[in-house]
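A short worksheet on the structure shown next.
Counting starts at 1 for both ligands and their atoms, following the listed order. Side-chain atoms are counted along with the backbone in the values below, which use heavy atoms only and exclude waters and symmetry mates.
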Amino acid sequence: MNADPRVMEFFPGVISREESRQHFARVRARIAERGYGFWPVEVIGGPSFIGMVGLSNPSFQAPFMPAVEIGWRLLAEHWGRGYATEAARAALAFGFERLGLREIVAFTTVANARSRRVMDKLGMRRAPDDDFLHPDLPAGHPLRPHVLYRLGRADFRAAP
Ligand SMILES: CC(C)(COP(=O)(O)OP(=O)(O)OC[C@H]1O[C@@H](n2cnc3c(N)ncnc32)[C@H](O)[C@@H]1OP(=O)(O)O)[C@@H](O)C(=O)NCCC(=O)NCCS
């Protein structure tokens, strides 16, 4: 998944097997530590791993921080079947109902229309005033301009 240029189109680059191994070790450690993180997504009666969806605490500085973020990344052959949105609803329910969060945010680079569509379908709202330049990317990098979407607990609907 992390080595596929389609999946990583809106990230600085693909990730090697070794970097992925380290990344997933960190993901696993976060879940053990905090009780949440990027969970693996399984299709009921189908593949046991099609990607990851979940909640995390971004570590960079931005005006909207501190915040809990929802994010998603799936194997390309499983796109377009509503899996990201379905898994995200479960993650949002966990965040609002189990963790008692008041707000969950999502962000992506401006051109990532698929990811923004998932945010729209979840009822998340973009306030243009929240747009930001991702501090981990160098000045002038085409992926640097980001949009921020927010969802408050009162606006969350567990079903479509
Ligand atoms: C973003 C991602 C998780 C979406 O997964 P998914 O399971 O296909 O998402 P869903 O099927 O729930 O919804 C996708 C929506 O985007 C729409 N879509 C697909 N391609 C699109 C495009 N080029 N422009 C606009 N919308 C698009 C789909 O039609 C669908 O909307 P619909 O239900 O109204 O038809 C998946 O594309 C992915 O893993 N991308 C690479 C990783 C990534 O960019 N992650 C986000 C980083 S912030």
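- The environment of Glu86 atom CD is sparse: at most 12 non-hydrogen atoms of other residues, nucleotides or ligands sit within 6.0 angstrom.
- Of the protein's heavy atoms, Gly80 N, 2.6 Å lies nearest to atom 8 (O) of ligand 1.
- Looking only at atom types and distance, the side chain of Asn2 has a donor-acceptor partner in the side chain of Arg73 under 3.5 Å away.
- A salt bridge links Asp131 and Arg126; the closest N-O separation between the charged side-chain nitrogens and carboxylate oxygens is under 4.0 Å.
- Contact analysis puts Gly82 in contact with ligand 1, with a non-hydrogen atom separation below 4.0 angstrom.
- Set against the non-hydrogen atoms of Ala113, the atoms of ligand 1 under 4.0 Å away are 24 (N), 25 (C).
- Listed by number with element, the atoms of ligand 1 under 4.0 angstrom from any heavy atom of Arg81 are 11 (O).
- Protein heavy atom nearest atom 28 (C) of ligand 1, with residue, atom name and distance: Arg117 CG, 4.6 Å.
- Counting all heavy atoms, side chain and backbone alike, Met124 lies closest to Ile104 at CE-O, 3.4 Å.
- For atom 34 (O) of ligand 1, the protein comes within 4.0 Å by at least one heavy atom.
- With Thr85, Asn2, Val53 as candidates, the residue nearest to atom 12 (O) of ligand 1 on a non-hydrogen basis is Thr85.
- A pairwise comparison of heavy atoms in Pro135 and Arg144 identifies CA-NH2, 4.3 Å as the closest pair.
- With respect to atom 5 (O) of ligand 1, the closest heavy atom belonging to the protein is Ala84 CB, 3.2 Å.
- Looking only at atom types and distance, the side chain of Glu42 has no donor-acceptor partner in the side chain of Ser48 under 3.5 Å away.
- Atom CE in Met119 sits 9.5 Å away from atom CD1 in Ile70 (nearest 0.5 Å).
- Among protein heavy atoms, atom 30 (C) of ligand 1 sits closest to Lys121 NZ, 3.8 Å.
- Atom 38 (C) of ligand 1 has its closest protein heavy atom at Trp79 NE1, 3.3 Å.
- Every atom of ligand 1 is numbered from 1 in the order shown, and the set under 4.0 Å from a heavy atom of Arg73 is 39 (O).
- Within the 4.0 Å heavy-atom criterion, both parts of Leu74, backbone and side chain, lie near ligand 1.
- Nearest non-hydrogen protein atom to atom 19 (C) of ligand 1 is Arg114 CG, 3.5 Å.
- Test Leu143, Leu148, Val147 against Thr108 for side chain to side chain contact (heavy atoms under 4.5 Å, CB included) and you get one pass: Val147.
- Within the listing of ligand 1, atoms 48 (S) sit less than 4.0 angstrom from a heavy atom of Thr108.
- In summary, Arg21 and Glu18 engage in a salt bridge, as defined by a charged side-chain N under 4.0 Å from a carboxylate O.
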ring-ring contact (aromatic ring centres under 6.0 Å, His included) between Tyr36 and Phe94: does it pass, once the steps are laid out? CA-CA 9 Å; Tyr36 63 89; Phe94 188 93; 7.2 Å; no
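- The heavy atom nearest to atom 3 (C) of ligand 1, considering only Trp72, Phe10, Phe11, is found in Trp72.
- Counting only heavy atoms, the protein gets under 4.0 Å from atom 21 (C) of ligand 1.
- Close approach to Ser115 involves these atoms of ligand 1, each under 4.0 Å from a residue heavy atom: 1 (C), 46 (C), 48 (S).
- Given atom 41 (C) of ligand 1, the protein heavy atom at minimum distance is Val7 O, 3.3 Å.
- The ligand atoms of ligand 1 that sit less than 4.0 angstrom from a heavy atom of Phe107 are 48 (S).
- The environment of CZ in Arg34 is crowded: more than 12 heavy-atom neighbours from other residues, nucleotides or ligands sit within 6.0 Å.
- Looking only at protein heavy atoms, the nearest one to atom 44 (O) of ligand 1 is Asn112 ND2, 2.9 Å.
- Note that the CG atom of Leu74 and the CG atom of Asp4 stand 12.0 Å from one another [nearest 0.5 Å].
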